[in-house]
Colleague: 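One structure follows; several queries about it will come next.
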2 protein chains.
Amino acid sequence: MAVTPKGAGRHHHGALRRALLDAVADIVREAGPEAVSLRECARRAGVSHSAAAPHFGDKRGLLTAFVTEGEARLAATMRAEVAALPAEADAAARLAATGRGYIGFAQANPAHFRLMFRTDLIDRGDPAWRAAAEDAFAVLDQAMAAAVPGMDPRARRARLALAWSAVHGFSTLRAEGVGALWSPQVAEDVVGLVVAACVGGSGIGRASVVPPPRPSPAKRGRESRSGRGGA
Amino acid sequence: MAVTPKGAGRHHHGALRRALLDAVADIVREAGPEAVSLRECARRAGVSHSAAAPHFGDKRGLLTAFVTEGEARLAATMRAEVAALPAEADAAARLAATGRGYIGFAQANPAHFRLMFRTDLIDRGDPAWRAAAEDAFAVLDQAMAAAVPGMDPRARRARLALAWSAVHGFSTLRAEGVGALWSPQVAEDVVGLVVAACVGGSGIGRASVVPPPRPSPAKRGRESRSGRGGA
DNA sequence: CGAAAAACTGACCATTGGTCAGATCCGGGA
DNA sequence: TCCCGGATCTGACCAATGGTCAGTTTTTCG
């Protein structure tokens, strides 16, 4: 259908849907999730504020579509972090990479991340959102399943909850501006501790964790890629 | 009402400040943090919406005062959980109790808890809020310090970040309605895992942790036995 | 070509937070 | 006693927001 150059253009404005979503992204990036208003989005897209209704229904619909893209990007970030691992990386290392991906996404897109968990602003019944959220969760779930194979359900669920809670809590506190003293190094250490707590007692092969509580100076594994310090 | 038995009343309304804060608490409890509006609070207190200004300045001031009380109650809840421990409880058990207190407060007051971390709605420069927040943090900080004495700074900070992130993430996801499948048992298990990860190897005296991942020796089979997407 | 369908506009409404002049009440002086 | 200063509160205004609706414009299709 339609030989219109952009594909979806009807009025003199093409792809309004995309333009509105981009406007949301801009506003969120510039001024935080609270600054997003239907009218400002429409203003930036050059249309009247009523023009969004045919595409998204209401503000909640617009924001739901926006955070749905966020879920997809979160899942992609986690998968990319795993894919960047050397081929011989074991399941624990892949679980750690998944956690780094989660935290990394939240750090790179703090406002977007915050909006993704504002359940009052999004429609959690939306099928597209639900699918995207479940897919993102599946990345973590499968990484955990691979890291602790054959674990009994209760223990496995506890570890899944721990891992998700830890990376989510870390990301949330950081995005919200609390605990500003936390550096990327701390993030790395937290992920290491989580993986260690999930896959076994203390010393796993790869996940070089911060040393155990003995004051004696144990060999602290040289961490891989956490070059940048301080924040 | 009441001819101001106490000393703070001037107009025909006594303690307006307290009445407004109580109104906030009611609204938050009944309809969530987003439903709080200056006008509705004033309506419930029986005054015009401008009456709040002399007491709180603006809406942000009112909410800041409200969440300041929340920080105090959070700290009190954590301390109470520790105090309920038998006298012979060790530092690890006290750390676990602190974590349970954090999660318990969030579960008992989900909307209040959510509001406490809406940094866009509160004034984080407010001295009273700052003091209350630091006091609440100190509870966790001191419990951790007692649990891992003599640990080097980096390792200690990583464990502090892990503990705070885990209990905060768990509480947030729960208050936000995500991960609804998580039971109190899961909360207990998560706290146990966190404490174990912080204080050392695996088995702490009191914190009954879920069993470690040693199900059976040689098994390398299906790892990708897909998990369920958490709704 | 013409009609139906969809996108979009502009106006209207209720509600919100903030501000302001002025009314009201309190306490402390003359 | 009378009256004034200061704080409290009211009612009115304002700008902005989200939602709705009738109507206009554009596209698509019969």
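Atoms considered below: every heavy atom in the structure, side chains included; atoms not considered: hydrogens, waters and symmetry mates. Residue numbers begin at 1 in each chain, while the letters A, B, ... track the order of the sequences.
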Colleague: Whole Å only: how far is the CG atom of B:L16 from the C1' atom of C:dC25?
Modeller: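 Taking CG of B:L16 and C1' of C:dC25, I get 14 Å after rounding.
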Colleague: Taking 4.0 angstrom as the limit, do B:D120 and B:R118 come out as a salt bridge?
Modeller: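 Yes, this pair counts.
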Colleague: Which part of the nucleic acid does A:S37 contact within heavy-atom distance under 4.0 Å: base, sugar-phosphate only, or nothing?
Modeller: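 Here A:S37 touches the backbone only, sparing every base.
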Colleague: Can you check the B:H49 NE2 to D:dT10 C1' distance for me, whole Å?
Modeller: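 The answer, rounded to whole Å, is 10 Å.
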Colleague: Identify, with sequence neighbours excluded, every residue that meets side chain to side chain donor-acceptor pair (under 3.5 Å) alongside A:N109.
Modeller: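 Counting only residues at least two positions away or on another chain, A:N109 forms a side chain to side chain donor-acceptor pair (under 3.5 Å) with A:R73.
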Colleague: Under the side chain to side chain contact (heavy atoms under 4.5 Å, CB included) test, which residues partner B:V82, sequence neighbours left out?
Modeller: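 By the side chain to side chain contact (heavy atoms under 4.5 Å, CB included) rule, B:V82 matches B:R94, B:A97, B:T98.
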Colleague: Does C:dA6 have OP1 or OP2 under 4.0 Å away from a side-chain N or O of A:R17?
Modeller: no
Colleague: From CD of B:E34 over to P of C:dT16, roughly how many Å is that when rounded to an integer?
Modeller: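 Checked: the CD to P distance equals 14 Å.
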Colleague: Go through the structure and list residues passing side chain to side chain contact (heavy atoms under 4.5 Å, CB included) with B:R174, not counting sequence neighbours.
Modeller: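 Here the qualifying residues are B:Q107, B:F170, B:W182, B:P184.
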Colleague: Would you please confirm or rule out a distance under 4.0 Å between OP1 or OP2 of D:dG11 and any side-chain N or O of B:R39?
Modeller: no
Colleague: Quick one: side chain to side chain contact (heavy atoms under 4.5 Å, CB included) partners of B:R43, sequence neighbours excluded?
Modeller: B:R39, B:E40
Colleague: Would you please name every residue forming a side chain to side chain contact (heavy atoms under 4.5 Å, CB included) with B:D22, sequence neighbours left out?
Modeller: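 Scan of B:D22 (side chain to side chain contact (heavy atoms under 4.5 Å, CB included), adjacent residues dropped) gives B:R18.
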Colleague: By a strict heavy-atom criterion of less than 4.0 Å, which residues belonging to residues 50-68 of chain A are in contact with DNA chain D?
Modeller: A:S50, A:D58, A:K59
Colleague: Find the distance B:L121:CG to C:dG18:P and express it as a whole number of Å.
Modeller: 11 Å
